[in-house]
Amino acid sequence: MKILVGLSGGVDSAVAAYLLKAQGHEVACAFMRNWDSSLNNDILGNPNLNNVICPQESDYNDALITAEALGLPLYRVDFIKEYWDEVFTTFLKEYDQGRTPNPDILCNKYIKFNSFINYAQKMGYPYVATGHYAKIRNKDNHFYLAKADDLSKDQSYFLAQIPQSVLSHIIFPLANITKSEVRRIASELNLNIAKKKDSTGICFIGERDFREFLKNYLPAKTGDIINIDNNEVLGQHQGVMYYTIGQRKGLNIGGPGGPWFVVGKDVKQNLLFVAENQENHWLYSDSCLITDVNWLCMLRPLECNVKFRYRQKDHPVIIKYITEDKIMLSYPQMISSVTPGQQAVLYLDDVCLGGGVIMDVYNQGKSLNERLEGATNVSIRKK
RNA sequence: UGGGGUGUAGCCAAGCGGUAAGGCAACAGACUUUGACUCUGUCAUUCCCUGGUUCAAGUCCAGGUACCCCAG
C-alpha cells in the first residue's frame, strides 16, 4: 500500500514510519508546518523568540534526520493558513466567550485528518499514518476508532471529531504496542530522537506560559474574583478568559481557608467566580448538553462511558438523543469540573463512538449560568 | 487620654523556657499532544524594636513602638 506518514520529528511518528516500511509498504513521510510565530504575532511569553532556530524548525531537522535514517523521502507541507483559519480562529472565539476550547481536537479534525489527507491523496497516497496511539478496527468492512492497547497513552480522545469517512484511509501503526516498546525500537534503530522528550502543550505551538500566550490575542482585562458562596470579593483576575473551570493555580488568593477553584465566569460583568475546596458543590454537575456531535459509527446506545477530558477515567452516563448531533448526558453520580467548550468523548468498551462539544452543564435541572445568576442576585460585597 | 488586646514568611496560623508546626499563595520539578486537576520539592539562622533575667528567650521581665477594641 502507498502510505504517507505524518512525521513530526518525535519518536512516535518515527517508529510508526519504520514499522510500515518494515511491513513492506511503500512509505513516504511528510512534515507539517502549521504555526509561524512571527507570522502569527506570537510574541508574549514565547521562550524561543531569541533563538536562532525555532522549535518547529528544529523538529523539522529531526524529521529530516529520521527520514534519512529510515531511507524514506520527506515532503514538507505548510498548513499555516488553514490552521489559523480553521483551528485558531475558533479557539480564540471560544476563549473570548469565556469557554475553554480544545485546539488539538480541532487540529485533528481540520488539519491532520482533513487537509493532510487531501494533500496525501493529491500526492498519490490513498492512506495516511500517524504516530497516534489509537486503533482502527475493521469489522465486516465497517471501520471503527478504538482505544490503543497502551491505555496509558491512548489518544483516541483527541480523534473523536475526525470525519468518519476518513477512518478507512488511516493507519495507526502504534495501535498494538506500548510507549516503552516504541522507545526501545527507536534506540535499536539508533534514531537520534530515541530519547527525545514527548511534546506537550498545544500541538504545533508547544508548551508555553498559557496566559502570556493568550495575551497576544486577547488583551488583559482585570476584574473581581468573587466567592460564589457569599459574594465576597477575594481578589483580582487578569481577564476571565485566562481561567478555566476547576482551575486552582494563578488565582493568587492567599490567606485563611482555601484552596480556591474557579467554578464559573460572567463574561459581560467580567467576574470570575470561585469556591473553596475541591469537594465544593459548585464544581459538580449531574448532566450536560453536548452539541456538534461527530459520530464515528452507527451505534447509538442509551448508556455508555464518557471522558470529559484527556486521560480522565471513563464515567458511565445515560444518553438522551435530541437531534442527530445534539445529546444530553446524565450522570447522577456527579462529576467535577465538566467544562463548557471542552470535548465529551463517548466509548463503548474500547470503541470510540464519537464526541461533541460540552455546551452547558447542569445540576438538578439548572444550568451553571442560572445557578450563578441566582447566587449573585444579591449585591456583591467589597471586602 | 484612661482600660483591655494583639504584633511569628506575601497571607492565615501553631508555639506557653530547650533550639521556629501546619495551611493558603508563589516558585520549581514530575505527570500530560488542549486548558486544567494531581503529585513531589523549595520557601523565617529568626519571631515589631531596645535592653535585662537565664546554661538556654518567639516564649519570662522592663522600656519603647505599631495596630485593633472599649471607654471618653
Side-chain angles (χ1 to χ4, degrees), chain A residues 6 8-13 16 32 34-35 55-56 59 83 87-88 90-92 94-109 111-113 130-134 148 150 152-161 174 179 182 196-214 218 225 227 234-236 239-263 265 274 276-280 283-284 307-313 335-345 355 357-358 383:
Chain A
S8 68
V11 252
D12 294 332
S13 55
M32 284 175 252
N34 299 331
W35 187 254
Q56 290 92 348
D59 284 340
Y83 189 86
V87 177
F88 208 65
T90 344
F91 170 83
L92 291 180
E94 285 284 277
Y95 265 114
D96 201 41
Q97 292 171 3
R99 298 152 58 84
T100 309
N102 189 322
D104 289 1
I105 284 184
L106 296 174
C107 176
N108 285 329
K109 174 179 183 170
I111 308 298
K112 290 178 185 162
F113 296 99
T130 65
H132 282 100
Y133 289 86
D150 186 344
S152 69
K153 291 302 292 184
D154 170 53
Q155 290 168 324
S156 59
Y157 177 85
F158 289 106
L159 301 168
Q161 279 287 341
L174 306 186
K179 181 77 190 194
V182 168
K196 184 173 172 180
K197 195 179 175 337
D198 288 0
S199 67
T200 56
I202 300 174
C203 79
F204 301 116
I205 299 177
E207 191 146 26
R208 302 285 294 276
D209 179 328
F210 198 71
R211 193 182 301 166
E212 289 300 305
F213 172 69
L214 279 184
L218 303 168
I225 299 180
N227 178 356
L234 292 178
Q236 298 292 300
V240 289
M241 57 285 189
Y242 302 145
Y243 305 83
T244 188
I245 307 296
Q247 180 168 344
R248 168 178 179 171
K249 292 289 173 184
L251 295 171
N252 247 301
I253 306 173
W260 299 88
F261 294 87
V262 174
V263 298
K265 13 177 146 172
V274 297
E276 197 174 0
N277 295 327
Q278 212 163 18
E279 311 75 36
N280 196 294
L283 287 167
Y284 285 83
K307 285 187 199 299
F308 290 107
R309 45 171 54 66
Y310 177 53
R311 286 171 67 85
Q312 183 182 54
K313 68 165 189 177
I335 298 173
S336 177
S337 307
V338 177
T339 305
Q342 287 285 295
Q343 195 84 191
V345 176
V357 178
I358 300 164
K383 206 175 188 178

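In this text the structure is predicted, and so the values were computed from the model without any measurement. Reckoned from all heavy atoms, side chains included, excluding hydrogens, waters and symmetry mates. The chains referred to below are lettered A, B, ... by the order of the sequence lines, with proteins before strands, and numbering in each begins at 1.
- Of the P atoms belonging to B:C47 and B:A57, the separation is 12 Å, rounded to the nearest Å.
- Remark: A:K249 is not in phosphate contact with B:C27, judged by side-chain N or O atoms under 4.0 Å from OP1 or OP2.
- Partner assigned to B:U34 is none, using Watson-Crick or G-U wobble distances below 3.5 angstrom.
- With hydrogens and angles ignored, the 3.5 Å screen pairs a side-chain donor or acceptor of A:Q155 with a backbone N or O of A:Y133.
- The side chain of A:H132 sits closest to B:U33 out of B:U34, B:U33, B:A26.
- Using a 4.0 Å cut-off, no side-chain N or O of A:R211 falls inside it from OP1 or OP2 of B:G35.
- For B:A36, neither phosphate oxygen OP1 nor OP2 lies less than 4.0 angstrom from any side-chain nitrogen or oxygen of A:Q312.
- Distance check on atom P: B:A9 versus B:G58 gives 15 Å, rounded to whole Å.
- With hydrogens and angles left out, the side chain of A:Q343 and the base of B:U34 share no donor-acceptor pair within 3.5 Å.
- The partner of B:A66 is B:U6, judged by Watson-Crick or G-U wobble contacts that both fall below 3.5 Å.
- The same atom, C1', is picked in B:C16 and in B:A25; the two are 29 Å apart, to the nearest Å.
- Between A:H132 and A:F113, the angle of the ring planes lies from 30° to 60°, which puts this pair in the tilted group.
- Between B:G35 and A:Y243, no contact under 4.0 Å exists linking OP1 or OP2 to a side-chain N or O.
- When each of B:C24, B:A36, B:U33 is scored by its nearest atom to the side-chain atoms of A:F210, the top-ranked nucleotide is B:A36.
- Between A:F91 and A:F210, the ring planes lie perpendicular to each other; the angle is over 60°, past the 30° to 60° tilted range.
- Along RNA chain B, the nucleotide nearest A:G246 and the nucleotide nearest A:Q155 are compared for position; the residue whose nucleotide lies closer to the 5' end is A:Q155.
- Residue A:N252 has its side chain nearest to B:A25 when only B:U38, B:C31, B:A25 are considered.
- Ring geometry for A:F158 against A:Y310 counts as tilted: the plane angle lies between 30° and 60°, on a 0 to 90° scale.
- Base orientation for B:C24: anti, the chi torsion being more than 90° from 0.
- Salt-bridge annotation for A:K179 and A:D198: present, with a side-chain N of the basic residue lying under 4.0 Å from a carboxylate O of the acidic one.
- In this model, the phosphate group of B:U38 is approached by a side-chain N or O of A:R248 to a distance below 4.0 Å at OP1 or OP2.
- When each of A:F158 and A:I253 is assigned the nucleotide of RNA chain B with its nearest heavy atom, A:I253 is the one assigned upstream, toward the 5' end.
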